[in-house]
Amino acid sequence: MRALYSILLLIVSNAFMTLAWYGHLKFSAMKGWNSIPLIGVILISWGIALFEYCCQVPANRLGFMGNGGPFSLVQLKVIQEAISLGVFLIFSLLVFRNETFRINHLIGFGLLILAVWFIFKK
C-alpha cells in the first residue's frame, strides 16, 4: 500500500511541478499576465511548487526503504523521472495543443520505461 500511496503522491507532485515550470508559458496568453514582472512570475511559480513539495516529500518518505517503504533511493528517483515525463506528455498535449507527439518522443519514453525495468531488475 505504501508503494501505491508513494506513486500517487508522485503523480500529484509532478502535476504541480509541471504547472509551476511550464504553466506560465501558457498563462502568457491571458490578459494582463505579460504585465507581471519576471520576479512576480517566479513567485507565483514558487507558490505552485510549494504544493509539489507537500506531495513530493511525503511520497519519498513513504516509499523509501529506509523508512519502511518498498523502494530504494535509485528506484524512487527513476519512478519520479518516468512519472515526470508522463505527466509532462499529458500536460503538453492537453495544454499546448500545437505540440505534436512524434515517434522519436515515443521511442524516448519507451527507453525511459526500459530504464525503470532495468533499475527494478534483481
Side-chain angles (χ1 to χ4, degrees):
M1 206 56 167
R2 289 175 73 103
L4 179 63
Y5 288 142
S6 182
I7 289 170
L8 289 173
L9 283 168
L10 286 172
I11 291 169
V12 173
S13 165
N14 275 282
F16 280 115
M17 201 62 192
T18 300
L19 182 62
W21 282 7
Y22 303 104
H24 63 91
L25 300 174
K26 188 65 173 184
F27 298 153
S28 63
M30 294 170 41
K31 184 176 182 175
W33 182 262
N34 288 329
S35 64
I36 299 173
L38 181 58
I39 190 68
V41 174
I42 291 169
L43 292 174
I44 291 167
S45 291
W46 275 358
I48 296 168
L50 173 65
F51 295 104
E52 184 265 343
Y53 280 96
C54 289
C55 296
Q56 179 82 14
V57 171
N60 287 332
R61 289 181 67 91
L62 279 170
F64 182 54
M65 279 180 186
N67 293 333
F71 305 122
S72 71
L73 185 64
V74 173
Q75 289 171 332
L76 271 172
K77 181 60 182 170
V78 171
I79 291 168
Q80 187 277 327
E81 291 298 335
I83 290 170
S84 178
L85 280 178
V87 168
F88 176 78
L89 174 66
I90 293 167
F91 179 83
S92 65
L93 292 175
L94 293 176
V95 177
F96 291 91
R97 291 196 172 109
N98 59 337
E99 295 289 322
T100 56
F101 188 64
R102 295 189 300 270
I103 190 70
N104 60 319
H105 299 141
L106 183 62
I107 292 168
F109 192 69
L111 289 172
L112 183 63
I113 298 302
L114 190 60
V116 172
W117 180 78
F118 274 114
I119 292 294
F120 277 87
K121 189 160 177 52
K122 299 285 182 207

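Once rounded to the nearest 0.5 Å, the distance linking CD1 of Ile7 with CD1 of Ile11 reads 7.0 Å. Considering CD of Glu52 and CG of Leu19, their distance stands at 11.5 Å, rounded to 0.5 Å. Distance check, rounded to the nearest 0.5 Å: CD1 of Ile36 to CD1 of Ile42 gives 12.0 Å. Rounded to the nearest 0.5 Å, atoms CG (Leu85) and CG (Asn14) are 9.0 Å apart.
For Phe109, the CZ atom is densely surrounded, since the number of other residues' heavy atoms within 6.0 Å is greater than 12. Enclosure of atom CH2 in Trp33 by more than 12 non-hydrogen atoms of other residues, nucleotides or ligands within 6.0 angstrom is indicated. At most 12 non-hydrogen atoms from other residues, nucleotides or ligands lie less than 6.0 angstrom from OH of Tyr53. For Arg2, the CZ atom sits in a packed shell: over 12 heavy atoms of surrounding residues, nucleotides or ligands are nearer than 6.0 Å.
A pairwise comparison of heavy atoms in Ile48 and Phe16 identifies CG2-O, 3.4 Å as the closest pair. Nearest approach of Ser45 to His24, heavy atoms of both residues: OG-CD2, 4.2 Å. Across Gln75 and Phe120, no two heavy atoms sit closer than the pair NE2-CD2, 3.3 Å. Heavy atoms only, all atoms of each residue included: Val116 and Ala82 are closest at CG2-CB, 3.8 Å. Annotation for Val74 and Ile119: closest pair CG1-CD1, 3.7 Å, computed over non-hydrogen atoms. Considering every non-hydrogen atom in both Leu9 and Ala59, the closest pair reads CB-CB, 3.5 Å.
A chain of hydrophobic side-chain contacts below 4.5 Å, direct or via other Ile, Leu, Val, Met, Phe, Trp or Tyr residues, connects Val95 to Trp21. Grouping the Ile, Leu, Val, Met, Phe, Trp and Tyr side chains by contacts below 4.5 angstrom, directly or via other members, places Ile103 with Leu111. Residues Phe91 and Leu10 are members of separate hydrophobic clusters, defined by side-chain heavy-atom contacts under 4.5 angstrom among Ile, Leu, Val, Met, Phe, Trp and Tyr. Hydrophobic cluster membership is shared by Met1 and Leu62, with clusters built from Ile, Leu, Val, Met, Phe, Trp and Tyr side chains linked at under 4.5 angstrom. Leu38 and Ile44 fall into different hydrophobic clusters, where Ile, Leu, Val, Met, Phe, Trp and Tyr are joined by side-chain heavy atoms under 4.5 Å apart, directly or via other members.
With hydrogens and angles disregarded, no donor-acceptor distance shorter than 3.5 Å links the side chain of Ser84 to the backbone of Gln80. The backbone N or O of Gly32 sits less than 3.5 Å from a side-chain atom of Ser35, completing a donor-acceptor pair. Counting only distance, with no hydrogens or angles, the side chain of Ser92 and the backbone of Phe88 share a donor-acceptor pair below 3.5 Å.
Residues forming a side chain to side chain contact (heavy atoms under 4.5 Å, CB included) with Leu93 (at least two apart in sequence, or on another chain): Leu89, Phe101. Residues passing the salt bridge (Lys or Arg N to Asp or Glu O under 4.0 Å) test with Lys26, sequence neighbours excluded: none.
Between Phe96 and Leu25 there is a side-chain heavy-atom pair separated by less than 4.5 Å.
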